[in-house]
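Worksheet: one structure, shown below.
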Amino acid sequence: MALAPKFAGQKFTAATSAPTLHTLELYLDYVCPFSLKMFNTVYTSVFPLIRQKYASKVQILFRQQIQPWHPSSTLTHEAGVAVLRIEPSKFWEFSKALFDDAKSFYDVNVVNETRNQTYQRLSKIGAKVGLDEQKIFELLKISDKSAEDGSLNIGNGVTNDLKVLVKMNRMQGVHVTPTVVFDGVVENGISSSFSADQWEEWLERNVA
């Protein structure tokens, strides 16, 4: 959980220059249209504002929030985890490319393709931002053969990482996407419809 700067005294660190930043956690789902709306505003308008005025004061965390009533949600987030494994610095850029193509992963557009076919399309999005398409697919693909011990729910190369992320989100009790958490507390005042100007006003009020 994030720590508000005013409570920095609670933190022990051996580093001599480890500032305690304000933290905005964005719980987003790749196949949620409201998450798409918030992500685009944050990516195109809030990021430049933070770089200009708040670089030493606030950080943003993308919390991958799977919404299981959309079966493809899990698959898209697995792709995000694969990118984190291969080249973490590309995660936000990949997320932008995936959100740009998000509608192609909505329910009606995936219902007639296999799981591995969906993974192949997700891997191609990675290639658009300079990632190795085959490396992504190798982490995502599901074999049609049982494991040596006969088990059938074998998962893929990112299953264990995804379990950790799901566990973290469940501990926060987040349900709705998008949800914004500021310094460890849910910020209900921020919605997906927040404009760039509203974000600027909010940051001015809350980030000292």
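Predicted, not measured: the structure shown is a model, and the values here were computed from it.
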Among the clusters formed by ILVMFWY side chains lying less than 4.5 Å apart, do Val31 and Val108 turn up in the same one? no
Do you know which two heavy atoms are closest between Arg51 and Ala55, and how far apart they sit? O-CB, 3.9 Å
Could you please spell out the steps behind the side chain to side chain contact (heavy atoms under 4.5 Å, CB included) verdict for Leu21 and Val58? CA-CA 5 Å; Leu21 305 180; Val58 66; 5.8 Å; no
Test item: Lys90 side-chain N/O and Val129 main-chain N/O as donor-acceptor pair under 3.5 Å: yes
Under 3.5 Å, is there a donor on one side chain and an acceptor on the other for Asp149 and Ser151? yes
Mind checking whether Val83 and Met168 sit in one hydrophobic cluster, side chains of I, L, V, M, F, W, Y counted as touching below 4.5 Å? yes
Please lay out, stage by stage, how Lys135 and Arg85 fare under the test side chain to side chain contact (heavy atoms under 4.5 Å, CB included). CA-CA 10 Å; Lys135 282 185 179 179; Arg85 288 278 297 274; over 6 Å; no
Can a side-chain donor-acceptor contact be found between Asp183 and Thr23 if the only test is distance below 3.5 angstrom? no
How long is the gap from CZ on Arg121 to OG1 on Thr76, to the nearest 0.5 Å? 11.0 Å
If we only count heavy atoms from C-beta on, is the Gln64 to Phe91 side-chain gap below 4.5 Å? yes
Do the side chains of Pro33 and Tyr106 get nearer than 4.5 Å, heavy atoms only? yes
Starting from Val185, can I reach Met38 by hopping between I/L/V/M/F/W/Y residues whose side chains sit under 4.5 Å apart? no
Decide side chain to side chain contact (heavy atoms under 4.5 Å, CB included) for Leu139 and Ile86; before the verdict, give the C-alpha distance in whole Å, the side-chain angles of both, and the deciding distance to 0.1 Å. CA-CA 9 Å; Leu139 284 172; Ile86 295 168; 3.8 Å; yes
Donor-acceptor pair, side chain of Ser195 and main chain of Gln198, under 3.5 angstrom: yes
Would you call Asp107 and His70 a side-chain contact if the rule is heavy atoms closer than 4.5 Å? yes
Check for me, please, whether Val174 and Leu61 land in the same ILVMFWY cluster - side-chain distances under 4.5 Å, paths through other members count. no
Start with the C-alpha gap between His77 and Val158, add the side-chain angles, then the distance that decides, and say whether side chain to side chain contact (heavy atoms under 4.5 Å, CB included) holds. CA-CA 10 Å; His77 285 289; Val158 300; over 6 Å; no
Kindly determine whether Ser123 and Glu133 satisfy side chain to side chain donor-acceptor pair (under 3.5 Å), including the steps that lead there. CA-CA 5 Å; Ser123 300; Glu133 178 181 336; over 6 Å; no
Aromatic ring proximity, centroids under 6.0 angstrom, Phe62 and Tyr30: yes
Side-chain touch Phe94/Lys128, heavy atoms, less than 4.5 angstrom: no
I need the Leu162 CG to Lys167 NZ distance, nearest 0.5 Å. 14.0 Å
For Gln65 and Asp29, which I'm curious about, is there any donor-acceptor pair between the side chains at under 3.5 Å? no
Between Tyr119 and Glu78, is any side-chain donor less than 3.5 angstrom from a side-chain acceptor? yes
Applying a strict under-4.5 Å side-chain criterion to I, L, V, M, F, W and Y, I'd like to know whether Val186 and Ile60 cluster together. no
Leu122 and Ile136, any side-chain heavy atoms less than 4.5 Å apart: no
Distance in Å, Ile142 CD1 paired with Asn156 CG, rounded so as to fall on 0.5 Å steps: 4.0 Å
Listed pairs under 3.5 Å, donor-acceptor, residues 199-208 side chains, sequence neighbours left out:
from: Asn206; atom 1: ND2; to: Trp202; atom 2: O; distance (Å): 2.8

Look up atom CD in Glu113 and atom OG in Ser104, then write down how far apart they are to the nearest 0.5 Å. 8.0 Å
Please round to the nearest 0.5 Å and tell me the distance separating atom OG of Ser191 and atom CZ of Phe34. 10.5 Å
Rounded at 0.5 Å granularity, tell me how far CG in Asn40 sits from CG in Leu36. 5.0 Å
Residue pair His22 / Tyr54, side-chain heavy-atom distance below 4.5 Å: no
Please list every donor-acceptor pair under 3.5 Å in which a side-chain atom of residues 175-182 meets a protein atom from a residue at least two apart or in another chain.
from: Thr177; atom 1: OG1; to: Gln67; atom 2: NE2; distance (Å): 3.0
from: Thr179; atom 1: OG1; to: Val176; atom 2: O; distance (Å): 2.5

Could you tell me whether Phe99 and Phe39 have their ring centroids closer than 6.0 angstrom? yes
